[in-house]
Structures are given as structure tokens and as C-alpha cells.
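The structure appears below as C-alpha cells.
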Amino acid sequence: MCQLRDAATATAMEHRKILDILRHGHADETVIVQGWIRTKRELKNFSFVEVNDGSALANLQVVIARELPDYPDLLKQLNTGASVEVKGTLVDSPAKGQRLELQAEEIHLYGGVDSETYPLQKKRHSFEFLRSIAHLRSRTNTLGAVFRVRNSAANAVHQFFQERGFLWIHTPILTSSDCEGAGELFSVTQFDLANVPKTEDQDVDYRQDFFGKPAYLTVSGQLEAEVMALALRDVYTFGPTFRAENSNTSRHLAEFWMIEPEMAFCDLNQDMDLAEDFLKFIVNAVLNTCPEDLEFFNKRIDSTVLSRADGIITSNFERLTYSEAIAKLQQANKAFEFPVEWGMDLQSEHERYLTEELIGKPVIVYDYPIGIKAFYMRANDDGNTVAAMDVLAPQIGEIIGGSQREERLDLLQQRLHASGLDEQDYWWYLDLRRYGTVPHAGFGLGFERLVQLITGMTNIRDVIPFPRSPMNIDF
Ligand code: ATP
Ligand code: MN
């Protein structure tokens, strides 16, 4: 734990994080804490303020005795939201609710708060309202817990891959290719939009733009990750990804973080094994590092958080082919909004039926129809399907999408043409199949969906500090 020492008080006195005090502090220790006041309770001979510094869900209860200098004036200023430094002595707390409390000896107010205008009142606020004050919402219990869990999960992502010898690679954010061919791209240009250079045919003259051709924000680092995997064997990306999704859903952001492992000498089965190990590892790591936060989510947000986490860690994920999944959906006595037939893309309602109702744990669906999947997914021998897999999780639906990649040049070229893509644009990608091609596979996991899965937060906009979605980019 990082312990700051104040040069001005270069004694044995320590500035301590509240988490450290709650876990390791003991009575009679003198400490200095810094943080923001959550609540104030005035009693006759003394008052309580609860101080939170973000290091823990719990607050530190500070006791302010009437004997402190300027007590009435001081108390007036110790409002919810005010920032303080408190020096004092830890004592065993006589009341239940906390093990220790801090008997204040000196209080320094850094910044006061006008309670009339401070948007975070003691009452519960809706998540929708909190999104409109994204600069302050991380001071609430729920959002604070979300961002501690998010940090813990991000750390576990690196730990998982690093322990297995994967190299973290950095793929570009600016790109000229639409990896998926799905067309959900944000354009990047230096043109003055009021005065765009045109060719003789009145088309946009991209030759005059910064890169001399159209450029976009990346929708996936996969193609570049394949390049690196075919030199370094096992690699992963972990970075921001952009999709101009018009869908205003609780599972889509315009800017999100994606994790994309890519492995050479790897087939679809090994890919599915890795995806399952990965989810188990991350959930287990967060349970170990943020137990108080997960209990909070289980109590306040979604009472299935802990059982779901346990199910992910202890169960073997069910594996179904797409054709088996379709058959099960057709046998289900359910009126789906989108009728089920072989060849369709599974909708969220189908995914959630499979993982929540039918199986009751994560499900991996694999071998999807060739017609609905991207050109780079490896054709199976049956001629109808590709070696693709999606991991479906309760409450979320699709959390991981992956595949074995087509490593055979002629088949990849055919698929490119069938998808209406231009071979010229993919010359370097095709070169990987010309020079020392190998079976390889990987997947993409939306980091925010993972945080949703772990916390039970229903809206993806509440698991990233500054969400980007249609008409929303203020913070
Ligand atoms: P969906 O059908 O849910 O839109 P997708 O098929 O477009 O997902 P992929 O292209 O396979 O998703 O991307 C890999 C992973 O990235 C998904 O499994 C999901 O976890 C995540 N993901 C995709 N789009 C978004 C988004 N707009 N916001 C947040 N996460 C996303
Ligand atoms: Mn999508």
C-alpha cells in the first residue's frame, strides 16, 4: 500500500488510506486521514462525521468532541462533500457497525461545500440522474464500488495473460480498415467539414486528407493481433474500441474497452478452453480482492451477484453447437419476439433464455452458420458453418465472441469476395496466409460487459467512468 509522508510533519505520523486503517489499524494509533465527508450527525456533546477516501466501500467514523477549538464554526463547515484532513487517535468503537473510530484532534478543511447546491444529497439517487453528474458520481457508494471492481478486473486481465506467457501488444486506434465489415465506423478526418475537397466526379477527395485515404477509429484490434501472433505466438490486446452503434441498449457503448487474445497453433477447442479459464480467473480474482464491494452489489443491486460468481468459478460451461442451440430454442415453449430458425443470428432474448433459463450457467455456442459471421472465421468441412464461438453469460447474453481464423489462402480469398470486400485492402492480412501460415484462434471480450457480469449493474453506462453513447459526450 502506498503511504504518503508529509514532509512538514516528518514524525512517525502516517497518512493512511482508510482501507488500510479498517483492515490493519489498531486502537491507540495516531493517524492522519484525508477524504470527503459523506455524512454528519450532530449530538449534544460531540458529533460524528463519516469520511470516505475511495480506498474502501466503508467510511471511517470520526468523532469530533465539543472541546475542539472553534467547534461550532468548524461543524457548520463539515458538510456532505467537503474535503478534510483529520489527525487523531484510533479508538475501539463502542457502537456496533465499525471496529474502530477516529477521535479527532486536529481537523483541516481543504474545500467546503455549499449544501444548497451540492447535487449529491444523502438520499438515494437514480443512476440516470447520476449519469448527468458524471464528475461527481464516483463519490457514491455504488459507483465507487464499480470502479474498484473495474480496477481489480483490469489488473487480473494482465495477471492472467502474463502468467501464461502472453505478450501485451498495442494495436492502433486509427485504422484504414473496417475489420468486421460491419460498417459501424467513426470517421477520422482533418477536413474542414464545411469545405470538403472534391474530385472531378464530386466524390470526397481523400487523397487530400491526412492519411491520403479514409481513416476510422478501430472497431477491433484483431487483424493486427493476428500479425503479432504469427510472430510471437500468444498475444493479447487490452485497449479502447469504437463502434458507431446506433442501438441505444444497456449493453452497447460507442467507446468501450476490449480484450483480444490471439494464439498461433490454436484451434477452436483450445480457444473455448482459454475463454472459460479466463472468465473463471477474473471472477475469482475480483472476489478475492474486493469482497466488501461484491457483498454490497449482492445486497443492494442484484441478489444473484455472489451465486452467479460462484457458478462461473465452479461450473463447467455448457458447450452447444449452434444447431443444437437452435433445436433447443425451437423446443422451448416460449413466444420469442424473433422467431427461431436455422441461419438466423441469435438475439439477446435467445441468448438469455439459453444461459439463464435452460442451462442456468454460462454457455458456449459454437459452429455458427457461415452466412452470418465475419469473413475471417474458418470454414468447417460441412460447408455450412464456421469455427466461431460465443460465450453467453446470465444477465448479459453475449460476453465473448471468438473464432478460429481461416488460415488457408484460397478459402480466405473466396470469403473476402463473397463478403464484397476488396482483396487490395487486405493484402498484408493475406500475406500472413502466404508466408508460414498456421492454425490460429482468438476472441474478443467487452471489458464493460465483464464488469456488468461481476457487479450486476444493469446499464453498461454505469460501469465506465465517462460513457459515450448516442448524444452523450459531455464529460
Ligand atoms: P453484439 O451482438 O452484442 O453487438 P458483437 O457481435 O457486435 O456483439 P463482437 O464484434 O464479437 O460483438 O465483439 C466482441 C465483444 O465485444 C462482444 O462479445 C462484447 O462483449 C463486446 N462488445 C461489442 N460491441 C460492444 C459495444 N458496442 N459496447 C460494449 N461492448 C461491446
Ligand atoms: Mn455489435
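Counting starts at 1 for both ligands and their atoms, following the listed order. Below, each value reflects all heavy atoms present in this structure, side chains not excepted, and no hydrogens, waters or symmetry copies.
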Any side-chain donor near an acceptor of the partner, S220 and E260, under 3.5 Å: yes
Numbered atoms of ligand 1 (with element) below 4.0 Å of R251, judged on heavy atoms: 3 (O), 28 (N), 29 (C)
Parallel, tilted or perpendicular: ring planes of Y426 versus F375, cut at 30 and 60 degrees: perpendicular
Proximal candidate to atom 10 (O) of ligand 1 [heavy atom criterion; set E260, E184, E351, R243]: R243
Contact atoms of ligand 1, heavy-atom distance to I400 under 4.0 Å: 18 (O)
For ligand 1, the portion of R449 having any non-hydrogen atom under 4.0 Å away: side chain
Element-labelled atoms of ligand 1 that are located less than 4.0 Å from some non-hydrogen atom of M258: 14 (C), 15 (C), 16 (O)
Per-atom contacts of ligand 1 with I460, taking only distances under 4.0 Å to non-hydrogen atoms: 29 (C)
cation_pi(R433, Y429) dist<6.0 Å, angle<=45: yes
Y236 and W168 aromatic ring geometry - parallel, tilted or perpendicular at 30°/60° bounds: parallel
Distance-only donor-acceptor check, side chains R405 and S403, under 3.5 Å: yes
Polar contact flag for L445 and ligand 1 (N/O pairs, less than 3.5 Å): no
Residues S115 and N79: side-chain donor-acceptor under 3.5 angstrom: yes
Close-contact set for ligand 1 against G446 heavy atoms, below 4.0 Å: 15 (C), 16 (O), 19 (C), 20 (O), 21 (C)
Donor-acceptor side-chain pairing of Q413 and D410 below 3.5 angstrom: no
4.0 Å heavy-atom contact, E398 with ligand 1: yes
Within reach of ligand 1, part of I399 (heavy-atom separation under 4.0 Å): backbone
